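Accompanying notes for the structure given below.
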Protein chains: 2
Amino acid sequence: MEGTNENEPTPLGEFGEFGLIEHLTSNVLLNRENSILGVGDDAAIIAKGKKDIVVSTDMLVEGVHFDLLYTPLKHLGYKAVIVNLSDIYAMNAQPEQITVSLGLSNRFSVEAMEEFYEGIKLACELYNVDLIGGDTTSSQSGLVISITAIGRQEEKKIVRRSGAKENDLICLSGDLGAAFAGLQILEREKNIFESNEKIQPDLSGKDYILERQLKPEARKDIIQLLEKAEVIPTSMIDISDGLSSELLHISKASNVGVQIYEDKIPIDPATISAFEELNLSALTAALNGGEDYELLFTIPLEAHDKAKAMEDVTIIGHITDAASGNQLIGKGGQAMELQAQGWKSV
Amino acid sequence: MEGTNENEPTPLGEFGEFGLIEHLTSNVLLNRENSILGVGDDAAIIAKGKKDIVVSTDMLVEGVHFDLLYTPLKHLGYKAVIVNLSDIYAMNAQPEQITVSLGLSNRFSVEAMEEFYEGIKLACELYNVDLIGGDTTSSQSGLVISITAIGRQEEKKIVRRSGAKENDLICLSGDLGAAFAGLQILEREKNIFESNEKIQPDLSGKDYILERQLKPEARKDIIQLLEKAEVIPTSMIDISDGLSSELLHISKASNVGVQIYEDKIPIDPATISAFEELNLSALTAALNGGEDYELLFTIPLEAHDKAKAMEDVTIIGHITDAASGNQLIGKGGQAMELQAQGWKSV
């Protein structure tokens with residue numbers, strides 16, 4: 001990088017393809033005993049083990065999943081990892097390794113990608129996951145991030161979507177709708193900024209919902225709580241596309257019905273107040289907003305007391321027979337059919 | 001899909017996100033005993049086993065890695081899988097599972113994506129690999145394909161880039177430069193077609209080089225030959241970016257020098273004749289062209305006779321000490337320094 005001015009962004013072309021990925025991953029350490037070989041060969045190597053393997057993969061596309069106008073690259077790197085770890089936890093497994101592939105255009109600088117990798121490395125560190133491989137390629141348009149996460153769990157403890165049984169309790173971690181509230185506020189401020197660049201964004205009092213949107217966490221703690229309480233859920237899924245959509249996945253995969261109660265759905269006061277300000281329904285957001293990365297799971301009725309005792313876990317309903325359908329019982333006792341609205345048309 | 005005319009392409013929006021991936025993977029069967037759960041949950045499940053795991057990932061971007069003007073979607077799906085399997089074979093391992101993530105814009109129809117998946121499934125079938133997971137998302141621009149391949153091999157048989165020793169023989173499967181020749185011909189005909197749409201492409205006699213570009217194979221057979229001959233290479237890499245670049249990877253990772261001979265580099269007569277027609281150097285293409293997906297490996301001198309007896313394997317040189325550098329010995333005996341030119345600037 002001779003002759004590069006320290007204050008000028010370094011163009012990506014300064015490194016070759018191999019140089020760039022080598023540079024970005026140069027200080028990556030492998031911390032897990034079974035991570036044998038990381039970035040730098042045709043493939044990474046993971047030692048065999050006594051547990052089964054779970055594998056999840058997700059693609060995030062600029063302009064579809066994120067807007068770089070209000071998403072700091074470090075947060076984006078962090079979130080991209082979290083989204084994948086959340087899928088592994090949703091199998092009741094422990095994530096151990098990830099690979100990260102990037103498509104990026106030359107409007108990004110080396111410094112920008114360093115920032116992005118800072119976020120990736122921070123998530124890896126906090127969740128005790130090793131970055132073992134990846135690919136960096138050019139893209140003619142926006143940033144594309146593809147992450148694959150690999151985790152482990154004993155065969156009999158892995159939880160699918162398909163094991164929910166009639167009378168099981170439906171449990172949920174954390175609260176819903178906050179990430180969607182954060183997104184709405186960011187979009188509003190973006191629109192105001194774009195119509196008049198002199199107006200500074202007003203994000204005061206919005207810390208919680210903004211953090212839920214920009215820097216979400218995966219519920220590693222819930223998996224630990226379940227392990228400690230010796231509860232193996234009968235089914236589990238993470239909330240990426242909204243509660244309704246995920247409940248319908250469990251209902252379909254398990255061939256059961258679900259019944260949840262509006263007044264049990266946990267929504268944070270900050271979320272409620274943001275939706276009041278936005279003149280939108282907090283309940284709709286909780287049902288369809290998505291990106292909450294909370295865990296939705298079912299447990300046998302006998303485990304009721306254990307679930308009740310779990311911090312940050314709410315029992316929101318129960319499993320019925322398939323013929324009863326999928327219902328939301330409103331505050332007045334009226335039943336409404338749950339519908340998936342998680343899909344955003346291409 | 002009610003009311004859809006059978007002859008009209010079906011827009012992607014007709015399916016939801018889940019519907020599309022479900023539809024495309026609906027007839028996917030899991031053939032390997034250790035593929036426990038495929039597409040349709042938060043993560044796929046692979047049974048534990050007695051061998052270590054190797055993981056490789058690659059991203060292919062429209063306009064950078066492929067041009068849909070002359071790449072049939074079925075071939076593209078096939079090639080996208082092959083590229084990844086090649087990395088697994090390059091570890092001397094057996095690929096067993098893949099995940100496929102796609103970013104696609106609404107200019108693609110459901111039928112186009114079915115064609116793409118036909119290619120993916122065909123490659124899976126021929127290489128005995130299971131498609132166990134993936135993600136489908138919208139993209140505002142071109143098609144983005146990210147594939148992760150998972151393979152297995154006993155710890156002591158896994159081959160890295162870093163094990164080459166002085167006096168080892170450098171071996172190469174197949175022949176080089178053909179995929180690059182195919183690309184040049186396709187680009188030439190595209191330019192002619194774009195300047196005058198009445199001129200039909202002239203691709204006669206180009207079957208071999210076009211197939212090498214559009215429908216390459218991974219050298220599963222070489223891994224089997226090595227196993228049968230009880231030869232474990234000291235180092236191995238697949239040729240994705242050109243012979244020079246891959247030799248330099250081995251040289252660097254193994255801290256050795258390499259010496260190869262121009263007159264030993266295998267180039268098919270069809271490749272030579274195409275480059276004569278194009279007024280380009282076939283040698284340069286063999287050294288720097290890329291996308292050959294042949295295997296480059298080193299073996300101890302004692303294994304010379306075994307390598308000699310292997311069909312479609314050529315000994316092209318030997319490993320020297322690091323101080324001797326990385327050299328190509330020309331037909332007249334002159335030494336030239338090998339240089340990586342595989343990188344295409346972003």
Side-chain angles (χ1 to χ4, degrees), chain A residues 12-13 16-18 36-37 40-59 61 63-65 87-88 90-91 93 97 99 101-103 105-106 132-135 137-142 144 146 148 150-151 155 158 160-161 237-238 253 340 342-343 345-346, chain B residues 12-13 16-18 36-37 40-59 61 63-65 87-88 90-91 93 97 99 101-106 132-135 137-142 144 146 148 150-151 155 158 160-161 237-238 253 340 343 345-346:
Chain A
L12 286 181
E17 179 186 8
F18 314 115
I36 308 291
L37 183 70
D41 213 302
D42 293 286
I45 308 175
I46 304 171
K48 63 178 184 245
K50 290 178 180 163
K51 295 179 176 180
D52 279 1
I53 297 152
V54 293
V55 183
S56 173
T57 190
D58 257 307
M59 186 180 274
V61 178
V64 178
H65 299 96
D87 279 323
I88 300 294
M91 303 297 286
Q97 286 90 13
T99 65
S101 288
L102 292 183
S105 63
N106 56 9
I132 57 163
D135 190 20
T137 184
S138 50
S139 146
Q140 289 188 329
S141 51
V144 181
S146 176
T148 298
I150 296 171
E155 188 186 347
I158 293 179
R160 307 178 185 200
R161 298 176 178 178
I237 192 168
D238 75 320
W343 169 251
S345 138
V346 185
Chain B
L12 286 181
E17 179 185 9
F18 316 114
I36 307 293
L37 183 69
D41 213 303
D42 293 286
I45 308 176
I46 304 171
K48 63 179 185 244
K50 289 177 180 163
K51 296 178 176 180
D52 279 2
I53 297 151
V54 293
V55 184
S56 172
T57 190
D58 257 309
M59 188 181 272
V61 178
V64 178
H65 299 97
D87 279 322
I88 301 294
M91 303 299 285
Q97 285 90 14
T99 65
S101 288
L102 291 183
L104 56 161
S105 62
N106 56 10
I132 56 163
D135 190 20
T137 182
S138 50
S139 147
Q140 289 188 329
S141 51
V144 181
S146 176
T148 298
I150 296 172
E155 187 186 350
I158 293 179
R160 306 178 185 200
R161 298 177 179 177
I237 191 169
D238 75 320
W343 169 250
S345 134
V346 185

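The model shown is predicted, which means the values in this text are computed figures rather than measured ones. Residue numbering restarts at 1 for every chain, and letters A, B, ... go by the order of the sequence lines.
Of the listed residues (B/Ile36, B/Ile132, B/Leu37), the one with the most heavy-atom contacts under 4.5 Å to chain A is B/Leu37. Most heavy-atom pairs under 4.5 Å with chain A: of the set B/Asp41, B/Asp58, B/Val54, this distinction falls to B/Asp41. Top candidate by heavy-atom pairs under 4.5 Å with chain A, chosen from B/Ala43, B/Gly40, B/Ser56, is B/Ala43. When A/Ile158, A/Thr148, A/Ile150 are compared by the number of non-hydrogen pairs under 4.5 Å with chain B, A/Thr148 comes out ahead.
Between B/Gln140 and A/Val61, the closest side-chain pair of non-hydrogen atoms is not below 4.5 Å. Taking the side chain as every heavy atom from C-beta outward, A/Met91 and B/Ile45 approach each other to under 4.5 Å. Annotation: side chain of B/Val55 is not in contact with side chain of A/Gln97 (no heavy-atom distance under 4.5 Å).
Of all non-hydrogen atoms in A/Lys50 and B/Lys48, the two that sit nearest each other are O-CD, 3.1 Å. Across all their heavy atoms, B/Met59 and A/Ser101 have their closest contact at CE-O, 3.5 Å.
Distance CG/A/Asp135 to OG/B/Ser146: 8.0 Å, rounded to 0.5 Å.
For B/Ala90, the parts lying near chain A are the backbone and the side chain together; criterion is any non-hydrogen pair under 4.5 Å. In this structure, the portions of A/Ala44 lying under 4.5 Å from any heavy atom of chain B include both its backbone and its side chain. Only the backbone of A/Leu102 comes within less than 4.5 Å of a heavy atom of chain B; no side-chain atom from C-beta onward does. Looking at B/Ile237, the atoms closer than 4.5 Å to chain A (heavy atoms on both sides) sit in the backbone and in the side chain alike.
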